[in-house]
K.L.:
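Sharing a structure with you now.
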Amino acid sequence: MELKNKHILLGVSGGIAAYKSVELLRFLKKAGANVNVIMTASAQKFVGKTTFEVLSDNLVLSDLFFDTESSVKHIDLATRADAVIVAPATANIIAKLSHGIADDALSTTLLAVTCPVMVCPSMNTDMYQNIRVQRNLDILEKDGWHILDPDSGVLACKAVGAGRLPDPWFIFDRVLAMFTKKDLNGKKILVSAGPTVEAIDPVRFVSNHSSGKMGYAIAGAAEKRGGQVTLVSGPVSLESPVGVERIDVQTCEEMAEQMLANLDQADIIIKVAAVADYKPIDPKTSKIKKKDNNKDLFVSMTQNLDILKLIGEKKKKDQFLVGFAAETNDLEKNALLKIEKKNLDMIAANLVGSSDSGFKADTNKVKLFFKDGSFVDIPLMDKSKVADILIDHIINKIN
Ligand code: PMT
């Protein structure tokens, strides 16, 4: 419940993308926010008030004189708001907001807010690029409001270009970022995630069950906290965390190359990836055929590079190095050995092999060990929460 006890105003103006705000509202509610929706008259031509009222559990404000039991309802809402999101924001509402015009419920309420505001422009490309619209967005940005760039693609008017309202999950992610303390500002964080794959032949490979969820959660959490994050990722089927530079790799060798290329600039290195410890010595260039007279197939393997150990050897004094340990037994003993052997500042050890922790699960149960011998037990929880607690401990140690 990341937004528990937060009051959010969702301003909806009249664009075809108004339907996406319904989904955004659901994300906000699911995260625990109390949401009041304010609609312009033209927004109601696209989506009815009832939809927003049912999903928000609050009456929609759209008319200052008819919609409200109190003549100062808009001031109440503005005063209580912790954040305002205007999505979609049409050229018309952007023009009104940038010039302080107050002629409907949304523009009038927004004149009274003092909390952070995020404006999500959505319109035809030519309108979006129009110098007047850009000038108005500049005014809002200089006033300290957040402007979320629109996506590019095919628009409702069939034009192709910038102007699409980003996906609701993306806007929601940026709302969470708005509420997150920026305690990694100025820090560069290098994260590895996912599995590596090592070819046996062009159609078969050696790999493991890593989904990338734990590493991606850490990269996303670090970005929200103000960090500049580079994510070196093995093949996974996850969306890139917003605002993170992602470098895709396949093999341990490629991962090592990218980690080392980005190592010098990094302040914090977090190695979550499940690297294949062994790779086939002699990967075939064509598919190995099944032979009827030969039931057994032997693939000779050789050890891969230990990337974390290599980084531990190169690590500078002011760099903080975190490893992960995936164990099926002797968690503590193995984790402590790895801290020592790989010159780590901290290791996050998780038992793998159960359905709610380790590989693939949305949750994880992790024990953090530090090089000074101290440790912290984190109970089973969502990987995004584990990520935040892990970062809290890193910041605590760095400071
Ligand atoms: O991706 P998910 O599905 O969310 O699952 C998360 C996870 C279980 C993969 C993650 O929480 C985790 O435990 N990652 C580490 C997996 C692993 O490879 O553990 P290990 O004990 O074998 O390796 C110890 C450390 O050395 C790790 O930081 C690993 O990245 C690193 N290593 C290992 C081998 C190698 N050749 N090079 C390495 O850098």
Side-chain angles (χ1 to χ4, degrees), residues 190-198 206-221 231-239 241 249-260 262-263 266 268-279 301-315 320-369 371 378 380-387 389-390 394:
L190 178 60
V191 181
S192 77
T196 65
V197 293
E198 315 290 341
V206 177
S207 189
N208 57 65
H209 294 298
S210 173
S211 63
K213 285 180 185 171
M214 190 66 248
Y216 276 53
I218 291 173
L231 172 64
V232 179
S233 174
V236 297
S237 56
L238 299 175
E239 292 272 3
V249 296
Q250 296 283 327
T251 62
C252 168
E253 210 168 301
E254 289 170 11
M255 184 170 278
E257 191 183 321
Q258 291 303 329
M259 290 299 285
L260 294 177
N262 288 282
L263 183 60
I268 300 165
I269 304 110
I270 312 175
K271 192 122 197 341
V272 197
V275 183
D277 282 320
Y278 289 89
K279 64 176 177 185
M301 310 266 274
T302 182
Q303 239 179 46
N304 252 330
L305 272 173
D306 189 326
I307 309 172
L308 188 57
K309 187 157 179 281
L310 206 61
I311 294 175
E313 284 159 11
K314 290 180 182 291
K315 173 170 101 84
F320 196 89
L321 181 58
V322 181
F324 263 70
E327 307 293 345
T328 49
N329 52 287
D330 295 329
L331 187 70
E332 181 160 349
K333 191 174 123 212
N334 289 327
L336 291 174
L337 273 174
K338 281 174 189 166
I339 283 205
E340 183 74 27
K341 201 169 129 200
K342 305 195 187 197
N343 189 24
L344 310 178
D345 296 289
M346 171 178 145
I347 194 158
N350 43 200
L351 275 177
V352 290
S354 80
S355 61
D356 59 359
S357 179
F359 293 117
K360 290 188 191 162
D362 289 331
T363 48
N364 207 2
K365 186 170 176 345
V366 169
K367 198 163 178 176
L368 304 179
F369 296 92
K371 73 168 175 208
I378 305 177
L380 184 75
M381 61 178 75
D382 211 80
K383 281 181 176 167
S384 62
K385 295 213 175 75
V386 174
I389 294 176
L390 182 129
I394 295 174

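What you see below is based on every heavy atom in this structure, not just the backbone, and it leaves out hydrogens, waters and symmetry mates. In each ligand, atom 1 is the first atom listed, and ligand 1 is the first ligand listed.
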K.L.:
Using heavy atoms and a 4.0 Å limit, tell me yes or no: is Lys383 in contact with ligand 1?
P.N.:
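The answer is yes, since Lys383 has a heavy atom less than 4.0 Å from ligand 1.
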K.L.:
Which of the listed options, Ile270, Asp306, Val236, Val386, holds the heavy atom that is closest to atom 38 (C) of ligand 1?
P.N.:
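Ranked by closest heavy atom to atom 38 (C) of ligand 1, first place is Asp306.
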K.L.:
Ile389 pairs by side-chain contact (heavy atoms from CB on, under 4.5 Å) with which of Val366, Ile378, Ile394?
P.N.:
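Running side-chain contact (heavy atoms from CB on, under 4.5 Å) over Val366, Ile378, Ile394 with Ile389 returns exactly one hit, Ile378.
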K.L.:
Just heavy atoms, cut-off under 4.0 Å: does Lys309 contact ligand 1 by side chain, backbone, both, or neither?
P.N.:
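The answer is neither; Lys309 stays 4.0 Å or more away.
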K.L.:
Between Glu327 and Lys338, is the closest basic N to carboxylate O distance under 4.0 Å?
P.N.:
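Yes, this pair counts.
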K.L.:
Considering Leu308, Thr196, Leu351 one by one, which has a heavy atom nearer to atom 31 (C) of ligand 1 than any of the others?
P.N.:
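Answer by nearest heavy atom: Leu308.
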K.L.:
To the nearest 0.5 Å, what is the distance between CG (Leu337) and CD (Glu332)?
P.N.:
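Nearest 0.5 Å value for the CG-CD distance: 11.0 Å.
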K.L.:
Please could you name the atoms of ligand 1 that Gly323 approaches to less than 4.0 Å, counting only its heavy atoms?
P.N.:
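With Gly323 as reference, the close atoms of ligand 1 come out as 28 (O).
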K.L.:
Is Ala325 in contact with ligand 1, taking contact as a heavy-atom separation below 4.0 Å?
P.N.:
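Contact check Ala325 vs ligand 1: positive.
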K.L.:
What atoms of ligand 1 come closer than 4.0 angstrom to any heavy atom of Lys213?
P.N.:
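In order of number, 1 (O), 2 (P), 4 (O).
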K.L.:
If I take atom OG from residue Ser210 and atom NZ from residue Lys360, how far apart are they, to the nearest 0.5 angstrom?
P.N.:
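Ser210 OG to Lys360 NZ: 10.0 Å, rounded to 0.5 Å.
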K.L.:
Out of Val272, Ile307, Ile269, indicate the one that has the non-hydrogen atom closest to atom 14 (N) of ligand 1.
P.N.:
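Result: the heavy atom closest to atom 14 (N) of ligand 1 is in Val272.
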K.L.:
Between Lys383 (side chain only) and Gly358 (backbone N and O only), is there a donor and an acceptor less than 3.5 Å apart?
P.N.:
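A pair under 3.5 Å: yes.
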K.L.:
Of the choices Asp362, Asn350, Val366, which has the non-hydrogen atom that lies closest to atom 10 (C) of ligand 1?
P.N.:
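Closest candidate by heavy-atom distance is Asn350.
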K.L.:
Using heavy-atom distances only, which candidate in Met255, Lys271, Lys342 approaches atom 33 (C) of ligand 1 most closely?
P.N.:
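When every heavy atom of Met255, Lys271, Lys342 is considered, Lys342 comes closest to atom 33 (C) of ligand 1.
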K.L.:
What residues, two or more places apart in sequence or in another chain, satisfy side-chain contact (heavy atoms from CB on, under 4.5 Å) together with Ala349?
P.N.:
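Here the qualifying residues are Ala325, Leu331, Ala335, Phe369.
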K.L.:
Going by side-chain contact (heavy atoms from CB on, under 4.5 Å), Ile347 matches just one of Leu336, Val322, Ile339. Which one?
P.N.:
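Testing each of Leu336, Val322, Ile339 against Ile347, the sole residue satisfying side-chain contact (heavy atoms from CB on, under 4.5 Å) is Ile339.
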K.L.:
Should Gly212 be counted as touching ligand 1, given the test is an N or O pair under 3.5 Å?
P.N.:
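Yes; at least one N/O pair falls below 3.5 Å.
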K.L.:
Looking only at N/O atoms, are Ala274 and ligand 1 under 3.5 Å apart anywhere?
P.N.:
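Between Ala274 and ligand 1, no N or O pair is found under 3.5 Å apart.
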K.L.:
Nearest protein heavy atom to atom 9 (C) of ligand 1, by residue and atom, and its distance?
P.N.:
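I find the closest protein heavy atom is Phe359 CE2, 3.6 Å.
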K.L.:
Give a yes or no answer on whether the side chain of Ser192 reaches the backbone of Lys271 with a donor-acceptor pair at less than 3.5 Å.
P.N.:
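No; zero donor-acceptor contacts below 3.5 Å.
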K.L.:
Tell me whether the count of non-hydrogen atoms from other residues, nucleotides or ligands lying under 6.0 Å of NZ in Lys309 goes above 12.
P.N.:
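No, the 6.0 Å shell around NZ holds no more than 12 heavy atoms from other groups.
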K.L.:
If I take atom CG from residue Leu231 and atom OH from residue Tyr216, how far apart are they, to the nearest 0.5 angstrom?
P.N.:
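Reported value, rounded in 0.5 Å steps: 5.0 Å.
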K.L.:
Working to the nearest 0.5 Å, report the span between CD of Gln258 and CG of Leu263.
P.N.:
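It is 12.5 Å, given to the nearest 0.5 Å.
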K.L.:
Hey, which atoms in ligand 1 end up nearer than 4.0 Å to a heavy atom of Lys360?
P.N.:
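Counting from 1, the qualifying ligand atoms are 2 (P), 3 (O).
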K.L.:
Enumerate the atoms of ligand 1 whose separation from the nearest heavy atom of Asp277 is less than 4.0 angstrom.
P.N.:
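Counting from 1, the qualifying ligand atoms are 34 (C), 35 (C), 36 (N).
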K.L.:
Starting from atom 20 (P) of ligand 1, what is the nearest protein heavy atom, named by residue and atom, and what distance separates them?
P.N.:
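So the nearest neighbour among protein heavy atoms is Lys338 NZ, 3.7 Å.
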K.L.:
If we only count N/O pairs under 3.5 Å, is Asn304 in contact with ligand 1?
P.N.:
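No - when backbone and side-chain N and O of Asn304 are compared with those of ligand 1, no distance drops under 3.5 Å.
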K.L.:
Could you say whether the N/O atoms of Cys252 and ligand 1 ever approach to under 3.5 Å?
P.N.:
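No; every N/O pair is 3.5 Å or more apart.
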K.L.:
Looking at ligand 1, does any of its N/O atoms fall within less than 3.5 Å of an N/O of Met214?
P.N.:
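Between Met214 and ligand 1 (N or O atoms, distance only) the closest approach is under 3.5 Å.
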K.L.:
Given Ala326, Gly358, Ala273, identify the one with the heavy atom nearest to atom 29 (C) of ligand 1.
P.N.:
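Among Ala326, Gly358, Ala273, the closest heavy atom to atom 29 (C) of ligand 1 belongs to Ala273.
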K.L.:
Counting both backbone and side chain atoms, is some N or O of Phe324 under 3.5 Å from an N or O of ligand 1?
P.N.:
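N/O-N/O distance below 3.5 Å exists for this pair.
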K.L.:
Before giving the answer on salt bridge (charged side-chain N to carboxylate O under 4.0 Å, His left out), spell out for Asp345 and Lys315 the whole-Å C-alpha distance, their side-chain angles and the decisive distance to 0.1 Å.
P.N.:
CA-CA 10 Å; Asp345 296 289; Lys315 173 170 101 84; 2.9 Å; yes
K.L.:
Output all residues satisfying salt bridge (Lys or Arg N to Asp or Glu O under 4.0 Å) with Asp382, sequence neighbours left out; order by chain, then residue number.
P.N.:
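Applying salt bridge (Lys or Arg N to Asp or Glu O under 4.0 Å) to Asp382 gives none.
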K.L.:
Residue-level breakdown please: for Leu305 versus ligand 1, do any non-hydrogen atoms fall below 4.0 Å on the side chain, on the backbone, on both, or on neither?
P.N.:
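Near ligand 1, Leu305 shows its backbone, while the atoms from C-beta on stay back.
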